[in-house]
Every structure is written in structure tokens, then in C-alpha cells.
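Scroll down for the structure; my scribbles are underneath it.
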Amino acid sequence: MQKPTVKRGGNRPIDRMRDSAGSAKIPDGYGKAVSMKVIGSRIYFLAERGVTSGVMADQIDPERTNPNIPQVVQRTELAYGLDTPFVQRTLCAAFELVDQTHLPDRVNQDDLLTMSLGVASALAAVADVTKDLLAHQEETRQKELTAAYLPHTENLTGKVKQSLAHLRDVENTIKEMALHFYPKAASGDPWDKDLRQAMETAHSSDTPSMKVFETLTGFLLAVADHRNAMIHPDKTKWVSITDYELEAQGSIVAPTIEVTHSRSPVPRHDVAQFLQSQVDLISNAYETFLAWLCDLNVRVFHEMFDTRVASLPDGTMRNGSRVVWQTTLKDGYEMIEGKIQPKA
């Protein structure tokens with residue numbers, strides 16, 4: 001169905017209001033908005049402690065019949081903002097790097113930004129579970145417990161199972177992002193075949209970058225293995241989730257997880273700590289792969305300039321991102337009296 005055309009340029013009060021400059025206010029408690037992106041038909045606002053998106057009044061009321069609709073109608077997308085490390089490594093990094101100015105035409109900016117939103121949303125869901133588990137543990141510590149009665153975590157297995165599914169979604173999105181830059185030549189090819197070749201060409205096969213590449217691809221494989229062991233357990237692989245337990249010496253142990261798997265085992269571990277570490281590791285993997293993919297596929301503006309993805313010094317960020325585009329003069333050129341020219 002064709003969307004109705006917005007009636008712009010009229011002289012009614014509602015026309016003058018809709019055609020004038022508008023503004024949007026971030027919800028109280030979200031802090032200052034530092035970045036904005038248009039993705040599809042929505043405007044996304046990245047703030048210190050939250051992410052919102054909005055549509056213009058004309059998208060809701062193209063016939064301009066209701067003057068009471070605000071110029072920008074928002075909704076909360078995430079209750080986490082650039083103050084949160086996993087948002088810095090995912091949404092902030094994508095908002096900074098995914099820019100058609102620097103990327104080739106074959107790479108769709110909206111697709112990549114939509115992927116980043118999905119990644120941040122999935123990790124937010126895992127972070128919510130972790131917060132609930134930690135809050136319950138703190139509440140438990142403050143109670144006077146006896147060895148005769150152990151606390152209970154509501155729906156512990158369901159929460160962990162869903163968290164592993166969210167982590168698996170992020171793992172799949174990282175692969176999808178790589179294939180967006182390097183599509184498979186054949187359906188049976190590994191997802192990282194062409195990316196690996198591009199990395200080896202750019203960095204050679206024995207550099208620190210390639211060692212990190214191997215570590216991160218191994219970690220992504222482990223994420224898939226953990227999810228598979230959870231939903232398809234058998235005699236060789238399974239996940240054990242245990243609620244509060246009493247040890248022989250009388251101490252109460254918080255909920256734990258243990259993954260039995262020949263390739264990707266996880267020894268018995270505190271559930272909340274395990275999920276926190278997984279969020280940290282996979283958000284770092286997303287940021288690193290995004291930086292590599294953008295850097296390997298940067299658009300060449302001019303032979304005199306070299307544009308690359310650069311990591312900012314520790315503790316330094318731009319709009320929440322630790323990775324940025326950086327353009328410098330290539331070797332062989334210099335700036336003299338405001339003009340760039342080949343070195344003598």
C-alpha cells in the first residue's frame with residue numbers, strides 16, 4: 001500500500017508548526033545525547049545512559065489533522081547508554097565507523113547500523129539477567145540464612161538458556177556483518193574465508209593482529225558450542241545449571257554454570273560472573289571485527305591521503321567510541337604554507 005503524501009507548504013497553523021524547526025528532549029535520567037543517526041525511517045539518539053528512537057509527526061499524521069502530536073515522538077530502545085562498556089563497543093563504535101563517506105557503495109549503512117542495534121539489544125538482555133542475579137545474591141547475603149533452608153532463583157535455567165541464545169544471536173550477527181563485506185563465493189565456504197585472506201594480505205599470517213583474529217574466531221566458535229550444548233544435550237555435551245548449594249564447610253554457593261564439551265568446556269563457574277565475562281568478550285569481538293572490516297574496505301579519497309581506523313589512547317573516546325576514522329598525509333607528501341605537495 002502506497003504511503004500518503006505529506007501535505008507540506010500550506011498556510012494553516014498546523015502547517016506552519018510542522019514546517020518549522022523542531023526539537024526533541026531525551027527522557028529524564030538518560031543524560032546528554034551525544035550522537036544521532038537516521039536508520040531506516042527512525043531517528044536514533046545515543047545518550048549517556050540510554051538510547052531512544054523517534055519518528056516525525058508527519059510520519060504519523062501525513063494529512064496533518066492533529067496539531068497535538070509532538071514534532072518528534074520517541075520511544076526507549078535501550079536503558080543502557082555510552083556509560084556502559086558493551087554499548088561503547090557496539091552501538092557507539094558502529095555510530096562512529098559506519099559512514100558511507102568512508103565505506104564502499106556495496107556496503108549498506110542502514111544494514112550495518114541495524115545489526116549494531118540488534119547486538120546492543122541482545123547484550124542488554126543478558127546484562128539485565130546478570131543484574132537480576134547479582135541483586136538477588138546481594139539480597140541473599142543480607143538475610144539471616146540457615147543451613148536448613150537455601151534460597152531459590154526464580155526461573156534460573158530459563159534465564160541462562162535465554163542468555164546463551166542472545167549471545168549466540170550476537171555471534172551470528174558478527175558473522176553476518178563479515179559476510180556483508182565479504183560474501184561467500186560458494187555456499188559451503190567458511191564464513192571467514194575471504195576475510196581471513198584479506199587479513200593475511202594486510203597483516204601477514206604471523207602478526208599480533210592474526211593471533212587476535214584466531215583467538216576471536218575461536219571464542220565465537222565456543223559461543224556457538226555452548227548454545228548447542230544447551231539445546232541439544234547428549235552424552236558428549238551438556239550444560240549444568242545449579243541453584244544455591246550448601247558446601248560441606250557450611251558456606252552457601254551462589255548459582256553456577258558448567259559446560260561439558262570436548263572443544264569448548266567451561267569449568268563450574270558463578271553464573272553472573274560467567275555471563276558478565278561473555279558480554280565483555282563478545283562485545284570486544286564485535287568492536288574488533290567491525291574495526292577490521294571497515295579498515296580493510298575504506299574508500300580511497302586521494303592518492304595523497306591515507307584513511308584508516310585508529311584506536312584512541314586508553315581512557316579517550318569520541319562519542320563513546322574508542323575506534324575512529326583518522327586521515328593523515330601519506331609518506332612522500334608534506335604541507336607547506338597550507339598546500340600539500342610532494343616532498344622534494
Worksheet item: What are the two closest heavy atoms between R89 and R322, and how far apart are they?
Response: NE-NH2, 3.1 Å

Response to the item:
Connected to M17, directly or through other members, by ILVMFWY side-chain contacts below 4.5 Å are I14

Worksheet entry | Pair listing, salt bridge (charged side-chain N to carboxylate O under 4.0 Å, His left out) test, anchored in residues 240-255, at least two apart | E245-R268

Worksheet entry | Residues clustering with L312 (ILVMFWY side chains joined when closer than 4.5 Å, directly or via others) | V324

For residues 31-39, tabulate all N or O donor-acceptor pairs below 3.5 Å that involve a side-chain atom, not counting sequence neighbours.
| residue | atom | partner | partner atom | Å |
| --- | --- | --- | --- | --- |
| K37 | NZ | F95 | O | 3.4 |
| K37 | NZ | V98 | O | 3.4 |

Response to the item:
Going by chain and number, the hydrophobic cluster around L221 (ILVMFWY, side chain to side chain under 4.5 Å) further includes none

Fill in: Exercise: identify the closest heavy-atom pair between K175 and R168
NZ-NH1, 4.2 Å

Item to complete: Could you list the residues that satisfy side-chain hydrogen bond (donor to acceptor under 3.5 Å, both in side chains) with Q74, not counting sequence neighbours?
Response: T52

Worksheet entry | Test salt bridge (Lys or Arg N to Asp or Glu O under 4.0 Å) applied to D169 - qualifying residues, sequence neighbours left out | none

Worksheet item: Which residues pass the side-chain hydrogen bond (donor to acceptor under 3.5 Å, both in side chains) test with T101, sequence neighbours left out?
Response: D99

Discussion item. Taking ring-ring contact (aromatic ring centres under 6.0 Å, His included) as the definition, give me every residue that meets it alongside W292, ordered by chain and number, with sequence neighbours left out.
Written reply: F213, F289

Discussion item. Show every ring pair (Phe, Tyr, Trp, His ring centres under 6.0 Å) that has at least one partner inside residues 243-270, sequence neighbours left out.
Written reply: H136-Y244

Worksheet item: Please, which pairs that meet salt bridge (charged side-chain N to carboxylate O under 4.0 Å, His left out) have at least one residue in residues 102-115, sequence neighbours excluded?
Response: D105-R299

Item to complete: Share the residues that join V300 in a hydrophobic cluster, the rule being Ile, Leu, Val, Met, Phe, Trp or Tyr side chains under 4.5 Å apart at the heavy-atom level.
Response: none

